[in-house]
Engineer: 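Below is a structure I'd like to ask you about.
Excluded from the calculations below are hydrogen atoms, water molecules and symmetry mates; all remaining heavy atoms, backbone and side chain alike, are included. Here, residue 1 is the first one in the sequence, and each next residue gets the next number. All ligand and atom numbering here is 1-based and tracks the order in the structure.
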Amino acid sequence: MTSDKPAAGRRLEQMEELVSLCARRGFIFGSSEIYGGINGFWDYGPLGVELKNNLEALWWQRVVRERDDVEGLDSSIISHPRTWEASGHVEHFSDPMVDCRSCKRRFRADQLDEACPEAPAQRRVSACDLTEPRNFNLMLQTRLGASEDAASEAYLRAETCQPIFTDFKRVREASRQKIPFGIAQIGKAFRNEINPRNFTFRSREFEQAELEFFCHASEREKWFEHWLEERLAFHRALGFDDAHLRTRAHESDELAHYAKQAVDVEFLFPFGWQEIEGIHDRGDWDLTRHSEYAGKELAVTDPETKERFVPMVIETSVGIDRTCLALLCHAYEVEDLEGGEDRTVLRLHPALAPIKAAVLPLSKKLAEPARAIERELRRHWNVFYDDSGNIGRRYRRQDEAGTPFCVTYDFDSQEDGKVTVRERDSMDQDRVAVAALTSYLRERLEPVG
Ligand code: ATP
């Protein structure tokens, strides 16, 4: 078998390349495509859902399962509407918007230095005939039950953390946790973004993985530092290098009025540095407000000092979709191969790769023993089987899907009981005994970090 070693690769330059690969290979594509799509909504196909599930599983493992001071939660998407009054979202969760009197489009008042969609080559939006800014609430509203009155109005949650606060007492008592401890949840959030854009980066429906960590006021700085470090270590373990990952502390005028400090974790996308996660010191704002609005006591008593206090909250809030997008951008590479060919490869960490191994018999005649290998590997991982077409092309398809290992069963395999295992990045090939294949792959598909 030949080895077609890669020369230097080129990274992702234009988002269009990635958008097209994602649609073609079934990672991510527009929702309701057959109706022309719906702005700000995306579907994750067979490869995308695996990538997303793998990322969520890693987060859950790191933030919840490996710790005895964090509990998990899966709350409903719709909460009692008073929740969003208490949280301040009904009053304050809005962006200032302007309307164009000529084309009737709506723009965010802080994003006017962009090409006008009607005449991109001629003017910026700021030069259009715009109205004065008006606040536009970003929460998505819905109605419950049959009646049409105001009492039936409800909201799709704008962030996953609010139910964590309203469930705080129940979870603490049920799990018998003492302060400090945290509650974590992964789930959908909805925002009626005026300008969804940059692929999945700004969507109207997206997934957040949030941790609210409750502590005493005397320890809030300590826990803030702890979680900032933990979260940075997580992003580094996903494979993000220092050239693409940085933190940015909020200036005091950027902070929410209740927040003491906030740091964004930013990733360098082809469209610039952008936030993928926020670490916030939310103080006792949320518990105090819910306590007030619900008329329920949410303070705790220190068992030793008997001090009664409302815990402070350190929050880590990461966008799953934004992190998946960052992973795809970071992994994407086009390499020139010897012989004038090139290959597109997604260098995803093996623990995140949607398919862990592809079983590729050299000929359809070898399907039976190759299928037996596939069945064995499927007991452990998501595996793909492909026996059609030229082997080089089959490798390329797996490179593009980010599959770390291809297992080829050839005519010698019947004689020596071995298969060829090709590694995605180096394209190095190893001859491995079929009986040792599972342990060979297990060693190399080790979990992150
Ligand atoms: P931005 O300023 O970019 O709108 P934000 O500061 O409002 O984001 P947070 O409310 O802190 O974001 O939400 C935490 C995380 O949720 C963000 O870091 C991001 O990863 C994700 N997120 C927020 N809004 C969206 C969105 N519209 N689409 C996709 N992910 C989002």
Engineer: Looking only at heavy atoms, is any part of Gln274 under 4.0 Å from ligand 1, and if so is it the side chain, the backbone, or both, or is it neither?
Structural biologist: neither
Engineer: Checking contacts here: is it the side chain or the backbone of Arg202 that comes within 4.0 Å of ligand 1, counting heavy atoms only? Could be both or neither.
Structural biologist: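 It is both backbone and side chain that touch ligand 1.
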Engineer: Is it true that atom NZ of Lys188 has more than 12 heavy atoms of other residues, nucleotides or ligands lying nearer than 6.0 Å?
Structural biologist: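 Count over threshold, so yes.
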Engineer: Are Glu423 and Arg444 close enough for a salt bridge, meaning some N to O gap below 4.0 Å?
Structural biologist: no
Engineer: Would you check the N or O atoms of Val318, main chain and side chain alike, for any that come under 3.5 Å of an N or O of ligand 1?
Structural biologist: no
Engineer: Below the 3.5 angstrom mark, is there an N/O of Phe206, backbone or side chain, next to an N/O of ligand 1?
Structural biologist: no
Engineer: For Arg170, does the CZ atom have more than 12 heavy-atom neighbours from other residues, nucleotides or ligands under 6.0 Å away?
Structural biologist: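 No.
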Engineer: I need the atoms of ligand 1 closer than 4.0 Å to a non-hydrogen atom of His280, numbered in the order shown.
Structural biologist: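 Close to His280: 11 (O).
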Engineer: Of the protein's non-hydrogen atoms, which lies at the shortest distance from atom 19 (C) of ligand 1, and what is that distance?
Structural biologist: Arg322 NH1, 3.4 Å
Engineer: Give me the one residue out of Phe29, Trp42, Phe269 that meets ring-ring contact (aromatic ring centres under 6.0 Å, His included) with Phe199.
Structural biologist: Trp42
Engineer: Are any of the N/O atoms on Gln208, whether in the backbone or the side chain, positioned under 3.5 angstrom from an N/O atom of ligand 1?
Structural biologist: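 Yes, Gln208 has an N/O under 3.5 Å of an N/O on ligand 1.
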Engineer: Between Glu159, Arg108, Arg191, Glu210, which one has a non-hydrogen atom sitting closest to atom 9 (P) of ligand 1?
Structural biologist: Arg191
Engineer: Can you sort out which atoms of ligand 1 are near Glu275, meaning under 4.0 Å from one of its heavy atoms?
Structural biologist: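 Close to Glu275: 6 (O), 8 (O), 11 (O), 12 (O), 17 (C), 18 (O).
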Engineer: Please state whether the rings of Phe201 and Phe271 are parallel, tilted or perpendicular, taking 30° and 60° as the class boundaries.
Structural biologist: perpendicular
Engineer: Among protein heavy atoms, which sits nearest to atom 21 (C) of ligand 1, and what does the distance come to when rounded to 0.1 Å?
Structural biologist: Gly319 CA, 3.8 Å
Engineer: Step through the shown structure and confirm whether more than 12 heavy atoms of other residues, nucleotides or ligands are within 6.0 Å of CG on Asp129.
Structural biologist: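 More than 12 heavy atoms, drawn from other residues, nucleotides or ligands, come within 6.0 Å of this atom.
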Engineer: Please list, in number order, the atoms of ligand 1 under 4.0 Å from a heavy atom of Glu277.
Structural biologist: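 Reading through ligand 1 atom by atom, the close ones are 18 (O).
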Engineer: If you draw the axis of the six-membered ring of Phe27, does the NZ or CZ of Arg25 fall within 45° of it and under 6.0 Å from the ring centre?
Structural biologist: no
Engineer: Under 4.0 Å between a Lys/Arg side-chain N and an Asp/Glu carboxylate O for Asp399 and Arg422?
Structural biologist: yes
Engineer: Relative to the heavy atoms of Ile276, which atoms of ligand 1 are at a distance of less than 4.0 Å?
Structural biologist: 18 (O), 20 (O)
Engineer: Do the numbers put Arg246 on top of the ring of Trp273, so that NZ or CZ is under 6.0 Å from the six-membered ring centre and no more than 45° off the axis?
Structural biologist: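 Yes; both conditions hold, so Arg246 lies above the ring face of Trp273.
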Engineer: For atom 15 (C) of ligand 1, which of the options Ala209, Ser317, Gly40, Ala262 provides the nearest non-hydrogen atom?
Structural biologist: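 It is Ser317 whose heavy atom sits nearest to atom 15 (C) of ligand 1.
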